[in-house]
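First the proteins, then the strands, lettered A, B, ... as listed; each starts at 1. These numbers come from the heavy atoms of this one structure, side chains and all, not from hydrogens, waters or symmetry mates.
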Amino acid sequence: METARNFWSNVGAVAYKEASVLRHDKALIGMVLAQPIMMLLLFGFALSNKPANVPWAVLDRSQTALSRRFVEAIRTSGYFLPPHAVGSYGEGREQLKTGRALAFLVVPAGFRRDTERDGAHVQLLLDGSDPLSSARIEAYVGQIAAAFATRPDAPRIVSPASLPGALAVRQRFWFNPTLNDRTFFLTAMAGMLLTNLCLSAMALGLVGERETGTYEQTLALPITPIEIVLGKIIPYVGMSYVLLVVATVAPGLLFGLWPRGSWIVLLLVSLPFVLGSLSAGVFVSAVSHTSAQAVFIAVFFILPSFVLSGVLFPYEFMPDGVRQVGMVFPLRWYQIALRRIVQRGAGFTDVIGPTLALVALFGVFLLATRSRIRARLG
Amino acid sequence: MSWQRLRSLLRREVLATFRDPFTVTILIAVPLVALLMFGFVLATDVRHLPLGVHDADGSVVSRRLVAELAANQTFDARPYATRAGLDRALVSGEIAAALVLPPRFARARRGGTPDDPPEVQVLYDGGETALAGNAEGFMRAQLAAAVREWLAAGDGTDRAPPPTGVTVVSRALFNPRLDGKPFMVAGTFGFVLSFLTVLITAVTIVNERVTGTFEQLQVTPATGFEILLAKILPLGAMFAVDVVIMVVVAGVVLQVWPAGSIVFFVAVSAFYVLVSLALGLVVSATSATAAEAVQKSVLFSVPLVQLSGFAFPIRNMPLVVRWIAEAFPATHYIRVSRAIYIRAAGPTEVVSELALLGLFGVLLMAYALRSIETRA
């Protein structure tokens, strides 16, 4: 009983000291304030995978009213810039090669005649060097072309979602009806911000003190390594929660992207994530010799976190092996939980799996840190 | 400018760089990890996507449709007995897409007319934007294929609908299967060369400033230009080696070899490394401690990944952001890198981008030189 009280009193003392230091760290506070703004701007307005302003070239060998109407139908879809008319096939390919066009449409000479026989064909050449955009453009043009009425008397296919004739497909995109990337990025923004904060703040924690010599003073105190670590972590937990609320409220106010699930579940699941990321940061600090090294290692934890966890690229697409590597990063599990809670309104039972994974990662990082600190004491 | 002085300075820099095992490890490890990591993250084909199926019809026809959808491994069909169960699975994230076949689907299809066709409902988890977009494309293609098969078999409706609409025969040049790897590999060169060069120069110079050895350099007879060259050339040579290693690893492990000339690519990359190293000198001139320099380079790496066109096409961005993106040297290098790597572009096709890079290089060098000469 006495030891337990001692333990928490020691942890509290370190936490108090850490919080006083934190209060005066202008650079860190500036970073905490500036990052959400930058990410909101980038993810809210700038970044999108949906093709826009696509440059394209057209070789119209048919030169009929119908072919011009067809080109116009594609242009007015909203994804394309005004087409660049070319005089020969070679010229069009050259445009693709130099990157001045992303797509090259060839309307054959018999285009009009073919519509009266067994159906018209056009050729679309795409720049494969930008595969994601090209794949989408291919799909768009295919849909526009399939719905294009080649004969005035042909029944117009009103809904582009229906396949001609035999089967009607009614489709809906749940949770994000217009399928915009903004929702995808902003939902996971809290996870990115917290990863940045926890890692970069904690990575400097121990090693910085070692450089200035205050670490030796701490070691001279009647206090155990685990108490130091917990005491260092606690003020940042508070700060992380402030950041979490900001990162959740801001997209709500700006883009109407409020969490559909309960706030309580959101706050609960965030705790093991924040603790796990902070202890990962402490671990980085414990293994590095200089503060420059610590920041460096932290960066090479943050970067793969972002890339492999699924916040920027869907992890479901990644091949086996790479996908599993992403599981060691707390951000992977947290973003799964975030997407379920924020977008789908999932309850606690739906996020038990990710939560357990986060708790496990927290334990692993804590144990790893503990062994490193001990070695240094001896 | 004296060759002898430059030679001894160069010797000093090479020794200093290789003495620190951490720097050497980073120079080798980071490019390889980045290449393997980024090479795999962008994929355009869907495999084994969990598809929930609620087959309210349960007829031979509906079961055959489901079997056809599951046949080529794009979707893994999971049956759900009730519509509510299907909705719940979509909410919890168990399935990425859902297919609902209405009761009497088979009968509706047999009696279906072009004006009143039988209907299926497809739901996607729109939260995973890219995934849903790609899944939609595959689902459409597969349903269309199934329909064509029915029409060809002539069961039910034996009169084919009159041909309307236009068929698009599409072909992707340079990368016929629209594989994501070449795009990301060529971009990763831009990321590694921009990020790592800035980081390493900034850290080494700031460290020298902190320990005082930089001041010692400044009081030697060496001129500022000689110090600058001595700092940049060894690192430049090491990064050129990095480029070659990356080309080989990308080729052997990821099966992505440059379509254009390798020599031209390495030459362009070495040139870009010099530009980027100058940027590192500028960063170092404005930082007081090594940790600050690292943090600055990290902050710089955010727009580098997100605005340089490395991960997100610049043309999709709003106009003002597009201008900002054009102001990064990395944007232009990544463009050139992709042109050479994937489209086999030669010097004439990328000359304007190279000229811009040269302009950036001259400006940054001039600024870096000033900071070396004036600041202690």
> By a 4.5 Å heavy-atom criterion (distance strictly below it), what part of A/Ile302 contacts chain B: side chain, backbone, both, or neither?
Replying inline: neither
> Side chain, backbone, both or neither: which part of A/Leu42 has an atom under 4.5 Å from a heavy atom of chain B?
Replying inline: side chain
> Checking heavy atoms, do the side chain of A/Val299, its backbone, both or neither come under 4.5 Å from chain B?
Replying inline: side chain
> Quick one: of A/Phe45, A/Phe306, A/Tyr315, A/Phe300, who has the most non-hydrogen atom pairs under 4.5 Å with chain B?
Replying inline: A/Phe300
>> Looking only at heavy atoms and a cut-off of under 4.5 Å, which of A/Arg340, A/Gln123, A/Lys97 has the most pairs with chain B?
In response: A/Lys97
> A/Arg323: what forms a salt bridge (Lys or Arg N to Asp or Glu O under 4.0 Å) with it, not counting sequence neighbours?
Replying inline: A/Asp320
> Measuring heavy-atom distances to chain B, does A/Glu138 have an atom under 4.5 Å in its side chain, in its backbone, in both, or in neither?
Replying inline: side chain
>> Taking the basic N atoms (NZ, or NE/NH1/NH2) and the acidic carboxylate oxygens, is any pair closer than 4.0 Å for B/Arg338 and A/Asp127?
In response: no
> Checking B/Arg322 side chain against B/Met317 main chain: does a donor-acceptor pair fall under 3.5 Å?
Replying inline: yes
>> What part of A/Glu94 gets within 4.5 angstrom of chain B, counting heavy atoms only: side chain, backbone, both, or neither?
In response: side chain
> Would you call B/Asp125-A/Arg344 a salt bridge at under 4.0 Å N-O?
Replying inline: yes
> If you draw the axis of the six-membered ring of A/Phe43, does the NZ or CZ of A/Arg182 fall within 45° of it and under 6.0 Å from the ring centre?
Replying inline: no
>> Using a 4.5 angstrom heavy-atom cutoff, name the option from B/Ala339, B/Pro182, B/Pro313 with the most pairs to chain A.
In response: B/Pro313
>> Quick check on B/Leu99 against chain A: is it the side chain, the backbone, both or neither that has a heavy atom closer than 4.5 Å?
In response: neither
> Can you tell me how far the CD1 atom of B/Ile95 sits from the CG atom of B/Leu49, to the nearest 0.5 Å?
Replying inline: 10.0 Å
> Side chain, backbone, both or neither: which part of B/Ala259 has a non-hydrogen atom closer than 4.5 Å to chain A?
Replying inline: neither
> Relative to chain B, which segment of A/Met38 carries a heavy atom at a distance below 4.5 Å: side chain, backbone, both, or neither?
Replying inline: side chain
> Which bit of A/Leu186 is near chain B, if near means a heavy-atom gap under 4.5 Å: side chain, backbone, both or neither?
Replying inline: neither
>> Salt bridge or not between B/Arg88 and A/Asp350? Use side-chain N to carboxylate O under 4.0 Å.
In response: yes
>> Could you check whether A/Phe313 and B/Phe40 have their ring centres less than 6.0 Å apart?
In response: no
> Can you tell me how far CD1 of B/Ile314 sits from CG of A/Asn53, rounded to the nearest 0.5 angstrom?
Replying inline: 12.0 Å
>> Would A/Arg136 pass as a cation-pi partner of A/Tyr79, given that its NZ or CZ must be under 6.0 Å from the six-membered ring centre and within 45 degrees of the axis?
In response: no
>> I'd like to verify something: which residue of B/Asn316, B/Ile324, B/Ile342 has the highest number of heavy-atom pairs under 4.5 Å with chain A?
In response: B/Asn316
>> Out of A/Thr98, A/Leu96, A/Val325, A/Leu308, return the one with the most heavy atom pairs under 4.5 angstrom to chain B.
In response: A/Leu96
> Side chain, backbone, both or neither: which part of A/Ser133 has a heavy atom under 4.5 Å from chain B?
Replying inline: side chain
>> Between B/Val350 and chain A, with a heavy-atom cut-off of 4.5 Å, which part of the residue counts as in contact: side chain, backbone, both or neither?
In response: neither
>> Please classify the contact of A/Val322 with chain B as side chain, backbone, both or neither, using a heavy-atom distance under 4.5 Å.
In response: side chain
> What do you reckon, are the aromatic ring centroids of A/Phe111 and A/Phe70 less than 6.0 Å apart?
Replying inline: yes
>> Need one label for A/Phe104: side chain, backbone, both or neither, based on atoms under 4.5 Å from any heavy atom in chain B.
In response: neither
